[in-house]
Amino acid sequence: MTAPVEPIGYDPSAVESRWRQRWAERGTHQADLAHGARPFYALMMFPYPSAEGLHVGNLFAFTGCDIYARFQRLQGHTVFEPLGYDAFGIHSENFALKVGVHPMELIPRNIANFRRQLDRAGLMVDWTHSVDTTDPDYYKWTQWVFLQLYEQGLAYKKAAAVNWCPSCKTVLANEQVEGGACERCGTMVEQRFLEQWFFRISGFAERLLGNLETLDWSETTKQAQRNWIGRSEGARLRFRVLDPLADAGSSAVSVTSEVTTGGAEIEVFTTRPDTIFGATYLVLAPEHPLVHAVTTADERAAVEAYRAAAAKQDLITRKTSKEKTGVFTGAYAANPANGELIPIWIADYVLMEYGTGAIMAVPGHDERDFEFATKFGLPIVRVVAGEGETARTPFDGAPFVGEGVLVNSEEFDGLPVAEAIRAISDWLESRRAGMAVVNYRLHDWCISRQRYWGPPIPIIYCDACGTVPVPAEQLPVVLPNIPDFKPDDSGVSPLARHEEWYRVPCPRCGAKARRETDVSDTFLDSAWYFLRYPSVPRADVAFDRELTKRWLPVTTYIGGNEHAVLHLLYARFITMVLHDQGLLDFEEPFTKFRAHGLIIREGAKMSKSKGNVVNPDDYIDQWGADTFRTYLMFLGPFEEGGDFRDAGISGVKRFLDRLWASVRDHAAGGTADTEVMRKLHATIKKVGEDVPALSYNTAIAAMMEYMNTLRKGERTPHRAEVEPLVVLVAPFAPHIAEELWEMLGHRSSVFDAPWPAYDPALLASDTFELVVQFNGKTRGTLTVAKGIAQADALSALRGDAALGRFLTGEPKKVIFVPGRLLNLVL
RNA sequence: GCCGGGGUGGCGAAAUUGGCGAGACGCGACGGACUUAAAAUCCGUUGGGAGGCAACUCCCAUGUGGGUUCGAUUCCCACCCCCGGCACCA
């Protein structure tokens, strides 16, 4: 008799809508935040609700997180799995401008559509604790966070360069500049200086770096943060500027023993103080404050022209064009090591925002300096000699940047580089010409945006009282609904056009005052949202102390590595600040972080222009959410991503069809098959190990393998053989699991059932397959007793007809790996 | 250029404290059962090559070239290609 599967029985859309409704009615997904045992906070990165709808990449990430969370629930944890919307920011605003719909109208519409799509995906999300960053009830607290930083002196204002499009007359984000031109109109972008708000994250660099060691994060993410923080050890060295008049007429580089200074000193940062004898010129960034003072009359016109050109150039082009340019200032400085006079130049390859904005150029041992010196005919001196080189070895078109010993460096000659760095640093320090310092690439965080679609920065300017923070009880500073949210040529936020909004009485003295019209960076919205989720209904505090204590830090955070540096670093920073203020008990928000991979489509990146974007709705309509979820996870390793191919999805559907049929047709009486049960327990073990390791693809493969065993030879499975499988499948395909669980007679949710235990005794066997090799080639296996000794294995081999024939003589060598293999070298 | 992650069948992929015959699981393909037929379902075969009626036997295969080892997808050296991020950071 055959028992053909009749998939008619399994109707995904009916099953899924039934369980969606039941979950909502029963509140299955709402964690008891106040009392639930063993709290587990499963966090996923909240999406930006675009007009295009949910991207399959979002769903891939959410499903991966959901499976992890559901698994933890089956392990007996009270799992809190919230989700919200990151809806402020320039993306929304630009899109709103493009389609001519106000963001206050557009965003709620997008959110509604997202919510509809998310609901269909079968996520265990507790929607009673959602956030929307554009909701005044949320951004009230974003503004409050700003005030916490302000009070600690960690928020300050300074002039900084921004990208400016003279045609669109607006500030552009870096990603809106393509090859130096505005992405919208193609006009060349300029830089402008505007007063902006900054957060002093640079002061936390060492802590942010050091704490990484304590975090259980994807190594790639940690490494990205280390690179971004960019710690480098070096020295600050002081160069005296010489009075240009005293030096007038002398050759560019001459040894002068007694020169009096004009008083000015230029400080440089270098990681190679050992090469100071090879420093043949200095370079200042064009914006360096000393440029004006040191420039001689003869050179002033050229210097000013160069500075003006540099100021006009946009930030992107300047950083990407590698062609060296620069001009001589006419001034000289004394090399503190040997007193030699070296010229001072300005060039845009030196960046004002790194180090001191000035360098000592050592063209013999630095590629950029070498290129510059070659172009402008500046002297190149060798001070490090590599293997087989001497002080006189010429440079062959390139600087020498390798390891070696010092030359042309007076008493330091012969020292290896590593020792020389220390020796020369100490020497210069003793002569008060420098000091060892640690420098970081990490810059302060500019949070100002001269835009509309963000939370207004809660600051008021009063002529009498100066900068006054908005008192906490007056929050939120509500973003007004203005029709003309488009940026204009003023270079300030559109909010500045609305006097009725920005004119307010000073909170301190009551005099007429003005609001800050910049809004804050969207990264600030997302830097603290995980603190808000558990406390969402609370209107009186940003986060409740007790709930926070219970639920944070986040147990596991899963998200994209595109946020490896900015979002994850800012969230760590804000948490640290709130911790220092005594508002949080922990200073690291995410105990464990795992980065998921990216989904591609048939080997290519998905994009609208290629027309190969997967719309989740279509697939869920056709296959059901359970099949879609499981298929997404089956594509490849979760942490590496996968290649979406329509062809493969049917295999997963077939698996669920067979699962359905197995439960429907199972035999209640009789006994379970021993071999099948052995396989079942092996599968329970495998899935229980793979899921927490995010090896979803292999967990699914293991369940499929078990399904093959279960139905081998068209047998009718026993109840004991299928019931545990329903629980194993549940995290992946929650709707069908609930349905089948009920079909098996259970009244409560499968997610309130315990995860099945496997019986190690059942897995243990008295015998094992001993691999038999001859000359390293596997020739077969012998079934032998566990713990068999070499001698017994050999006699078993001699007694085996098939394998014994390979044993043509006495083996020269016998390699016996107990419990594994026997290799005979003949 | 620098830092990560990868190169394994027709395809997505398994397996790396070096060793249970590389390729689990799935797709596709091929053959068969059922059917008037098709779909669906079920069963079987499927890395390449050579030999044999056959059970089988042999050779070649994890990006390329070397090396270590009884034994290498796994370790070491050199190189090539793909993906992601950073990029004049002194």
Side-chain angles (χ1 to χ4, degrees), chain A residues 2-8 218-221 223-224 226-228 230 232 234 268-272 275 283 318-324 347-351 353-362 366-369 371-372 439-443 561-562 564-565 597-598 600 602-603 605 631 634-637 639-652 654-655 657-658 661 695 697-708 711-714 768-783 811-815 817 819-826:
Chain A
T2 56
V5 168
E6 288 164 28
I8 290 109
S218 297
E219 196 48 46
T220 57
T221 313
Q223 196 53 43
R226 285 188 199 106
N227 294 344
W228 189 260
S232 74
V268 304
F269 173 73
T270 179
T271 55
R272 294 292 303 275
T275 61
V283 186
R318 171 165 167 184
K319 288 198 173 184
T320 45
S321 84
K322 305 266 179 185
E323 180 64 26
K324 294 283 178 292
D348 69 1
Y349 80 94
V350 173
L351 309 175
E353 66 263 28
Y354 185 75
T356 60
I359 62 157
M360 67 175 201
V362 184
D366 180 279
E367 279 171 23
R368 298 150 301 180
D369 297 342
E371 196 189 322
F372 190 84
N439 207 50
Y440 300 92
R441 296 173 61 170
L442 183 65
H443 301 143
N561 230 1
E562 66 273 19
V565 282
L598 297 175
I600 54 170
E602 319 215 317
K605 221 173 171 174
Y631 179 57
F634 190 56
L635 291 175
E639 288 171 275
E640 282 166 36
D643 190 356
F644 193 99
R645 283 164 194 267
D646 290 12
I649 197 165
S650 62
V652 172
R654 198 149 25 237
F655 168 68
D657 281 340
R658 303 213 296 167
S695 275
N697 56 332
T698 54
I700 295 164
M703 292 187 287
M704 287 174 164
E705 215 176 309
Y706 177 61
M707 179 64 73
N708 291 341
R711 302 183 64 84
K712 183 103 183 164
E714 307 185 19
F768 74 100
E769 302 281 294
L770 179 74
V771 180
V772 180
Q773 297 182 333
F774 290 89
N775 295 328
K777 271 191 182 165
T778 305
R779 293 298 183 181
T781 59
L782 287 172
T783 304
K812 286 192 201 115
K813 193 173 173 188
V814 177
I815 294 124
V817 184
R820 288 222 163 177
L821 69 78
L822 178 66
N823 183 17
L824 304 175
V825 182
L826 299 175

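Each chain gets a letter, A, B and so on, in the order its sequence line appears, and its residues count up from 1.
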Just N and O in the side chain of [X]: are any of them under 4.0 Å from OP1 or OP2 of [N]?
{"X": "A:R654", "N": "B:rC27", "result": "yes"}
{"X": "A:R711", "N": "B:rC42", "result": "no"}
{"X": "A:K712", "N": "B:rC43", "result": "no"}
{"X": "A:N708", "N": "B:rG26", "result": "yes"}

Worksheet item: Does NZ or CZ of A:K324 lie under 6.0 Å from the centre of the six-membered ring of A:F372, at an angle within 45° of the ring axis?
Response: no
Discussion item. Within 90° of 0 counts as syn, otherwise anti: where does B:rG9 fall?
Written reply: syn
Starting at atom [atom1] of [X], determine the distance to atom [atom2] of [N], rounded to an integer number of angstrom.
{"X": "A:E640", "N": "B:rG85", "atom1": "CD", "atom2": "P", "result": "17 Å"}
{"X": "A:I649", "N": "B:rC27", "atom1": "CD1", "atom2": "P", "result": "12 Å"}
{"X": "A:M703", "N": "B:rA14", "atom1": "CE", "atom2": "C1'", "result": "16 Å"}
{"X": "A:N227", "N": "B:rG84", "atom1": "CG", "atom2": "P", "result": "18 Å"}
{"X": "A:M704", "N": "B:rC27", "atom1": "CE", "atom2": "C1'", "result": "10 Å"}
{"X": "A:R226", "N": "B:rC86", "atom1": "CZ", "atom2": "P", "result": "18 Å"}
{"X": "A:E371", "N": "B:rG1", "atom1": "CD", "atom2": "P", "result": "15 Å"}
{"X": "A:N439", "N": "B:rA90", "atom1": "CG", "atom2": "P", "result": "8 Å"}

Item to complete: Using the closest heavy atom to pick a nucleotide of RNA chain B for each, name whichever of A:L635 or A:S695 lands nearer the 5' end.
Response: A:L635
Item to complete: Would you kindly compare A:T270 and A:I700 by the position of their nearest RNA chain B nucleotide and give the one closer to the 5′ end?
Response: A:I700
Discussion item. Is it the case that over 12 heavy atoms from other parts of the model lie below 6.0 angstrom from the CD atom of A:E562?
Written reply: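 Atom CD in A:E562 is crowded, with more than 12 foreign heavy atoms closer than 6.0 Å.
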Going by purine N1 to pyrimidine N3 plus the second Watson-Crick contact, or the G-U wobble pair, all under 3.5 Å, which nucleotide sits opposite [N]?
{"N": "B:rA13", "value": "none"}
{"N": "B:rG23", "value": "none"}
{"N": "B:rC86", "value": "B:rG1"}
{"N": "B:rU64", "value": "B:rA78"}
{"N": "B:rG18", "value": "none"}
{"N": "B:rG44", "value": "B:rC30"}

Worksheet entry | Aromatic plane relationship, A:Y354 with A:F269 - under 30° parallel, 30 to 60° tilted, over 60° perpendicular |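 Because their plane-to-plane angle is over 60°, the rings of A:F269 and A:Y354 count as perpendicular.
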Discussion item. Of the listed nucleotides (B:rA90, B:rG19, B:rA14), which one gets closest to any side-chain atom of A:N697?
Written reply: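 My answer, after comparing the listed nucleotides, is B:rA14.
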Worksheet item: Is any side-chain N or O of A:K324 under 3.5 Å from a base N or O of B:rC88, one able to act as donor and the other as acceptor?
Response: yes
Practice prompt. Determine whether any donor atom in the side chain of A:Q773 lies under 3.5 Å from an acceptor atom in the base of B:rG19, or the reverse, and answer yes or no.
Written response: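 Answer is yes: a donor-acceptor pair is held.
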Discussion item. Closer than 3.5 angstrom, by distance alone: can the side chain of A:D369 be matched with the main-chain N or O of A:V362 as a donor-acceptor pair?
Written reply: yes
Worksheet item: Can A:N561 and A:T220 be counted as having a side-chain donor-acceptor contact under 3.5 angstrom?
Response: yes
